[in-house]
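See structure below.
Scope of the values below: all heavy atoms of this structure, side chains included, with no hydrogens, waters or symmetry mates. What you see is a predicted model, and the numbers here were worked out from it, not measured in a lab.
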Amino acid sequence: MIRLFILYFRSFVFYVGYVAATIVVTIGCMLFIWILPRRLRFVFASAWCSFIIFWLRVSVGVRYDISGMDNVKGSPVVALANHQSEWETFFLYKILSPVCPILKKELLNIPFWGWALRLYHPIAIDRSRRHKAGRSILTQGVGRIKEGMSVVIFPEGTRTAVGRHKPFSRGGAKLAVAANTPILPVAHNAGGCWPPHRFLKHPGTIKLVIGPEVSVLSGDASALTDEVERWVLARLAEWN
């Protein structure tokens, strides 16, 4: 009982810092970030992501063990990763900045927060219209990559619990082929510390592996998707 209380308390403390940092970022975007060139805006966003990861370690005790950072070259990529929590979003947006966010279009209508998001030139999609959403990611994503931004895609579509897996969709590979941009495969087990759709956060060490870039010269999105999916599943199997 005491341990559970401590977990709830530490998770509460984390969310207090999370919300406070988000409010500060939102106000900053509204007051002065909008006047900065787009690339400098992402420095601010990356700092926010870094703080969230730092604050999670301080408040809850979540650390991480990363390998493959040498595979991050600094040029635009389409990163394909399994999806278990919000943690991997923060981490990937931090290390791959500038990153084009992909989000539900409804988020852009939220006062202040949505207005701040617009400053980062996101790809806003309508998830209720799946095929149209796929076309939006493809057409807008190519444009963002040409502008020098990376795109992070979670091919499973939704967050899944540790030990579970959903088949990868081909949308990310199709975007990489259309933009002639390498795929960066990523595998992690963040859901063990930050379970999907749960308030409680658990102390521990998140493992994340960044694989070598995958060339898209073959132009076969299905084969590329299968290759990345096999690689990710192999990494996850090593940790189970």
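T160 has its side chain out of reach of N82: every pair of non-hydrogen atoms, C-beta onward, lies at least 4.5 Å apart. Between F90 and E86, some side-chain heavy-atom pair lies under the 4.5 Å cut-off. Side chains of R10 and K201 form no contact here, defined as non-hydrogen atoms less than 4.5 Å apart. A 4.5 Å side-chain heavy-atom check between L56 and Y18 finds every atom pair outside the cut-off. By the 4.5 Å heavy-atom criterion applied to side chains, H202 and P195 are counted as neighbours. In this structure the side chain of I183 reaches within 4.5 angstrom of the side chain of L224, judged on heavy atoms. Side chains of Q84 and N189 form a contact here, defined as non-hydrogen atoms less than 4.5 Å apart. Proximity of V77 to S150: side-chain heavy atoms (C-beta onward) are separated by under 4.5 Å at one or more points.
Taking both residues in full, the closest heavy atoms of V177 and G219 are given as CG1-CA, 3.9 Å, listed atom of the first, atom of the second, then distance. Closest approach of A178 to V142, counting heavy atoms only: CB-CG2, 3.8 Å. Annotation for P155 and I153: closest pair CD-O, 3.3 Å, computed over non-hydrogen atoms. In terms of heavy atoms, W239 sits closest to A187 at CH2-O, 3.7 Å.
Not one N or O on the side chain of S75 forms a donor-acceptor pair closer than 3.5 Å with the backbone of K73. No donor-acceptor pair closer than 3.5 Å links the side chain of S46 to the backbone N or O of F42. With hydrogens and angles disregarded, no donor-acceptor distance shorter than 3.5 Å links the side chain of D65 to the backbone of K207.
Taking CD of E88 as the start and NE2 of H83 as the end, the distance is 5.5 Å to the nearest 0.5 Å. Atom NZ of residue K174 and atom OG1 of residue T225 lie 8.5 Å apart, to the nearest 0.5 angstrom. Between atom CE of residue M149 and atom CZ of residue R144 there is a gap of 6.5 Å, rounded to the nearest 0.5 Å. Taking CD1 of I145 as the start and CD of Q140 as the end, the distance is 12.0 Å to the nearest 0.5 Å. Going from atom OG of S85 over to atom CD1 of I206 covers 6.0 Å, rounded to the nearest 0.5 Å. Rounding to the nearest 0.5 angstrom, the gap separating the CG atom in L208 from the CE atom in M69 is 9.5 Å.
For the residue pair T205 / R63, no side-chain donor-acceptor distance below 3.5 Å is found, with atom types taken as modelled.
Note on ring orientation: taking the six-membered ring where Trp is involved, the planes of F199 and Y15 are parallel (angle under 30°, cut-offs 30° and 60°). The aromatic rings of W194 and F14 sit perpendicular to each other, their planes meeting at more than 60°, with 30° as the lower class boundary. Relative orientation of the W87 and F91 rings is parallel, given thresholds of 30° and 60° on the angle between their planes. Note: F168 and H165 have tilted aromatic rings, judged against thresholds of 30 and 60 degrees for the angle between ring planes.
F44 and V24 are assigned to two separate hydrophobic clusters, defined by single-linkage of ILVMFWY side chains at heavy-atom distances under 4.5 Å. V60 and V162 are assigned to two separate hydrophobic clusters, defined by single-linkage of ILVMFWY side chains at heavy-atom distances under 4.5 Å. Hydrophobic clustering of Ile, Leu, Val, Met, Phe, Trp and Tyr side chains at less than 4.5 Å, counting indirect connections, unites V19 with V25. By the criterion of side-chain heavy atoms lying less than 4.5 angstrom apart, applied directly or through intervening Ile, Leu, Val, Met, Phe, Trp or Tyr residues, V16 is grouped together with L7 in one hydrophobic cluster. In terms of hydrophobic clustering, with Ile, Leu, Val, Met, Phe, Trp and Tyr side chains grouped at heavy-atom distances under 4.5 Å, L138 and V228 are assigned to a common cluster.
Judged by a 6.0 Å distance limit and a 45° cone about the ring axis, R235 is positioned over the six-membered ring of W231.
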Start with the C-alpha distance between W48 and Y93, add both sets of side-chain angles, then the distance that settles ring pair (Phe, Tyr, Trp, His ring centres under 6.0 Å), and finish with yes or no.
CA-CA 10 Å; W48 173 63; Y93 277 31; 9.0 Å; no
Between V216 and V78, is the side-chain contact (heavy atoms from CB on, under 4.5 Å) condition met? List the steps.
CA-CA 11 Å; V216 298; V78 175; over 6 Å; no
Does the side-chain contact (heavy atoms from CB on, under 4.5 Å) test come out yes or no for V58 and W55, once each step is laid out?
CA-CA 5 Å; V58 172; W55 185 242; 4.0 Å; yes
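If you run side chain to side chain contact (heavy atoms under 4.5 Å, CB included) between L96 and each of L184, V151, V186, only L184 comes through.
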